[in-house]
Amino acid sequence: MKFFLDTANIDEIKACASFGFLDGVTTNPSLMAREGIANQRNRILEICSITDGPVSAEVLATDTEGMIEEAQSLFEIAGNVAVKIPLTMPGLAATRALADSGKAVNLTLVFSPLQALLAAKAGAAFVSPFVGRLDDVGEDGMQLVEDIVSIYTNYAFETEVIVASIRSPQHVLRAALAGVDICTVPFKVIEQLAQHPLTDKGLAAFLEDHRKASAKSTPPSQH
Ligand code: E4P
């Protein structure tokens with residue numbers, strides 16, 4: 001399973017790269033706004049200088065022609081840009097046109113298995129089901145992911161599933177068990193994945209035992 005970082009924050013991206021498992025980055029207009037960024041071009045370029053993996057940049061246009069034009073401009077930023085397009089009827093048409101010219105589209109804001117089926121039929125390189133937002137309204141976001149994985153397996157679709165809107169380690173665990181291609185994870189959740197109270201407790205005990213053994217074996221003073 002590949003790990004993408006779900007952020008537009010450069011410090012978080014550099015930190016994740018230093019751990020050696022940064023496979024890509026996803027952004028969206030809200031994540032850009034959180035960084036105080038209105039024009040995303042420079043930030044996308046900076047992110048692409050840190051990772052060779054796919055970097056998703058989202059279009060703001062809502063009509064097919066506008067989406068295609070904006071996407072083409074975003075693809076010029078760097079060779080590893082993947083353009084995020086919302087799963088609407090105009091978005092599907094834009095995806096088909098861009099996929100036909102060999103471009104990587106990430107169809108986003110996906111909330112049903114049938115939307116994901118259409119994403120694959122339209123030639124999207126990636127599909128992004130939003131699990132946390134479904135959980136927020138009382139549905140089971142991970143059931144959606146499991147359904148998409150079944151459908152894609154049934155028909156050997158090549159579209160990669162990116163589990164998005166991740167809120168907790170449980171989402172990552174269920175995604176891995178479902179065999180998804182990618183999880184895009186907020187930095188806070190990456191930190192949670194690494195933490196376990198028994199690790200902290202065990203480390204403290206090891207260090208304390210070593211301190212006691214060192215104190216006992218210290219030779220008496222020569223004075
Ligand atoms: C990533 O592709 C999505 O835009 C992101 O995960 C959405 O997360 P949110 O539902 O926490 O805003």
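Position 1 is the first residue of the sequence; numbering continues from there. Order of appearance sets the numbers: ligands from 1, and atoms from 1 within every ligand. When reading the values below, keep in mind they use all heavy atoms of this one structure, side chains included, and skip hydrogens, waters and symmetry mates.
- Looking at atom 4 (O) of ligand 1, its nearest protein heavy atom turns out to be Asn28 ND2, 2.7 Å.
- In this structure, Asp6 is part of the shell of residues with a heavy atom less than 4.0 angstrom from ligand 1.
- Proximity annotation for atom 1 (C) of ligand 1: of Arg34, Arg167, Arg133, Lys84, Lys84 comes nearest, heavy atoms only.
- Note on ring orientation: taking the six-membered ring where Trp is involved, the planes of Phe19 and Phe187 are parallel (angle under 30°, cut-offs 30° and 60°).
- Heavy atoms of Glu58 found under 4.0 angstrom from ligand 1: none, in either backbone or side chain.
- Within a 6.0 Å sphere centred on CZ of Arg41, heavy atoms belonging to other residues, nucleotides or ligands number more than 12.
- Closest to atom 8 (O) of ligand 1 among all protein heavy atoms lies Ser165 CA, 3.4 Å.
- Of all protein heavy atoms, the one closest to atom 3 (C) of ligand 1 is Phe130 CZ, 3.4 Å.
- Checking Thr184 against Thr26 by side-chain atom types alone, a donor-acceptor pair falls below 3.5 Å.
- For the ring pair (Phe, Tyr, Trp, His ring centres under 6.0 Å) condition, the pairs that include at least one residue of residues 79-119, sequence neighbours left out, are Phe111-Phe130.
- A salt bridge links Arg43 and Glu46; the closest N-O separation between the charged side-chain nitrogens and carboxylate oxygens is under 4.0 Å.
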